[in-house]
Amino acid sequence: MQESSQLKVYKFGGASVKDAGAIRNLSRIVQEHGSAGPLLIVVSAMGKTTNALEKLYQLAHTGQDFSEKLAALRTFHLAVAAELDIADEQTAATSAPTLAVLLEQLGDRLATLTPGDYDKQYDQVVSFGELLATLIVARALQAQWLDCRPLIRTDHTWREGRVDWPTTERALTADVVPLLAQGPIVTQGFVGGTTSGQTTTLGREGSDYTAAILAYCLGAESVTIWKDVAGLLNADPKFFSDTVRYPEISYQETIEMAYYGASVIHPKTIKPLAVRRIPLLVKSFLDPSAEGTRIHDCRHGLLVPAFIRKDGQCLVSFESKDLTFISEENLEVIFGALAQVRLKINLMQNSAISFSVCTDFSAYRLEKLLAVLREQFTIHYNTGLELYTIKNYDAPSIQRLTEGRELLLEQRSRQTFQFVCRGSTNEATA
Ligand code: ASP
Ligand code: MG
């Protein structure tokens, strides 16, 4: 780690680079708000490109025609580059590839997928969103383009690479510090690499986490996440009309909100920053002079209730077939299977002979889970559900959120009230 570095890390997500106009806005922010000192800019894939790549991958993996979708992705990126007057040519001064080369590599990848290794190949394909976006942004800013895959070292946990911190810190310090002295750097969020040079991803929406990894390893002064909202709010303004912004909030509170699904920050982002006491600023790219939220080491009284909504949920209940009680032995089998298929528990509850978990829905992982546990348990599941969490709840906030909803499961602890309810119905029994 650098001693008392002046380094600032900026992170721009998909919405802030969604088209040429957004990238021009980003350039203005960097010019007007970027410090005179070293600046490292982390960029996600443009707009909904990651979803588009997931669809492309799905088509290619299942042997369907993906050419139209690939052409659309190609046209989109080339059109943005053209609108920004970016010449797509390689210069001797930089190791950056051209967009044309990247797009060709993506096409080759998709055309040469092999059966199996689903998660591994996913990473090799879906990571192209960040490579393309950073190339465009770096050129627009006339900044240095950095491929962070050889530097952010992870293990082989595809789609959720676990960071090898000492190796990453050494590599970043050695390679990035000298580059920072030469001017701003643009690099990819969301991606990393294994010892053998294969690409990994850090989990959907993982670019925030990348910003934290870089800040931690390089001893940054602060991280700023530029969002389309005014800061960290007590609810998502897409679903709640009367939101309140927290001007400052502790790491601890923020970690919990992110864990429960507040989509404003990736849950893994806070810990590395808290460990090195690096403040995290959440600011609006639509109103860059506004105050935003400062997440740092602070104390505050009880906050207003926070409403957190997670959709795409699935409630799975396991009943032992021989009517034995849910015991440590049974739970061991269920937890083992959940870990094996990599389904994360968002909420759980048990009764005498039944155990229920609420997880993010994935047809693929659920199918695998059923295959493992079907022999031993009768399994019921509902999909298309929503999980609501009220942090720092009170009676009116519970009333407000539960009114008119049929709760499939509810749970409360001292500070947190959670429930699962129907979005659109989908039921099944395995
Ligand atoms: N582009 C990736 C995603 O959409 C990572 C990110 O946006 O943070 O999940
Ligand atoms: Mg994204």
Side-chain angles (χ1 to χ4, degrees), residues 9-19 22-23 25-26 40-58 69 73 76-77 80 102-103 106 109 119 121-138 145-149 152 154 157-163 186-193 199-216 223-229 232 236 238 254 258-259 261-273 280 282-283 285 310-312 342 344 360-362:
V9 177
Y10 277 7
K11 182 260 168 173
F12 290 94
S16 61
V17 290
K18 70 177 194 316
D19 53 26
I23 295 174
N25 183 54
L26 178 157
L40 181 50
I41 301 165
V42 178
V43 175
S44 308
M46 296 177 64
K48 302 276 177 228
T49 300
T50 306
N51 292 350
L53 283 163
E54 282 189 342
K55 284 207 191 84
L56 255 173
Y57 177 58
Q58 194 59 35
K69 286 223 159 17
L73 192 119
F76 170 69
H77 284 87
V80 171
L102 280 180
L103 288 162
L106 170 62
R109 279 270 179 215
D119 289 342
Q121 297 184 87
Y122 170 102
D123 282 356
Q124 313 314 308
V125 169
V126 171
S127 49
F128 272 91
E130 270 65 17
L131 294 171
L132 292 163
T134 48
L135 205 53
I136 294 176
V137 173
W145 181 81
L146 177 76
D147 183 349
C148 72
R149 292 173 298 171
I152 297 186
T154 73
T157 312
W158 310 111
R159 299 181 69 167
E160 199 165 0
R162 275 188 277 246
V163 175
V186 174
T187 197
Q188 308 76 38
F190 181 54
V191 300
T199 302
T200 48
T201 61
L202 305 176
R204 285 300 309 265
E205 308 304 327
S207 297
D208 296 344
Y209 184 39
T210 303
I213 297 167
L214 296 169
Y216 172 96
V223 173
T224 307
I225 297 186
W226 295 93
K227 304 276 306 179
D228 56 0
V229 286
L232 189 62
D236 185 337
K238 273 190 229 116
T254 314
Y259 172 83
S263 59
V264 72
I265 293 163
H266 188 275
K268 285 186 177 171
T269 311
I270 304 298
K271 189 176 164 201
L273 299 179
L280 172 59
V282 181
K283 285 170 71 83
F285 62 76
K310 226 174 175 348
D311 60 9
R342 291 175 54 198
K344 271 190 221 131
D360 292 351
F361 175 66
S362 149

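We count ligands from 1, going down the list as the structure has it; atoms in each ligand are counted the same way. For clarity, every value in this text was computed on a predicted model and none was experimentally measured.
For ligand 1, the polar-atom distance check finds an N/O of Glu205 within less than 3.5 Å of one of the ligand's N/O atoms. Ligand 1 has a nitrogen or oxygen under 3.5 angstrom from a nitrogen or oxygen of Thr50.
Applying the side-chain contact (heavy atoms from CB on, under 4.5 Å) test between Thr187 and each of Val9, Ile41, Leu40 identifies Leu40 as the sole match.
For the pair Gly129 and ligand 1, no heavy-atom separation below 4.0 Å is found. For Lys48, the heavy-atom gap to ligand 1 stays at 4.0 angstrom or more.
The number of heavy atoms from other shown groups lying within 6.0 Å of CZ (Arg342) is above 12.
A salt bridge links Lys344 to Glu160: at least one charged side-chain nitrogen sits closer than 4.0 Å to a carboxylate oxygen. Note on Lys268 versus Asp208: no salt bridge recorded, every NZ/NE/NH1/NH2 to OD/OE distance being 4.0 Å or above.
Of the possible donor and acceptor atoms, one in the side chain of Asp123 sits under 3.5 Å from a partner among the backbone N and O of Arg159. Remark: side-chain polar atoms of Thr49 are not paired, donor with acceptor, to backbone N or O of Gly129 under 3.5 angstrom.
The protein atom (non-hydrogen) at minimum distance from atom 9 (O) of ligand 1 is Arg204 NE, 2.5 Å.
Residue contacts with ligand 1, taken as heavy atom pairs separated by less than 4.0 Å, involve Ser207 via backbone and side-chain atoms alike. Residue contacts with ligand 1, taken as heavy atom pairs separated by less than 4.0 Å, do not involve His266 at all.
Listed by number with element, the atoms of ligand 1 under 4.0 angstrom from any heavy atom of Glu130 are 1 (N), 2 (C), 5 (C).
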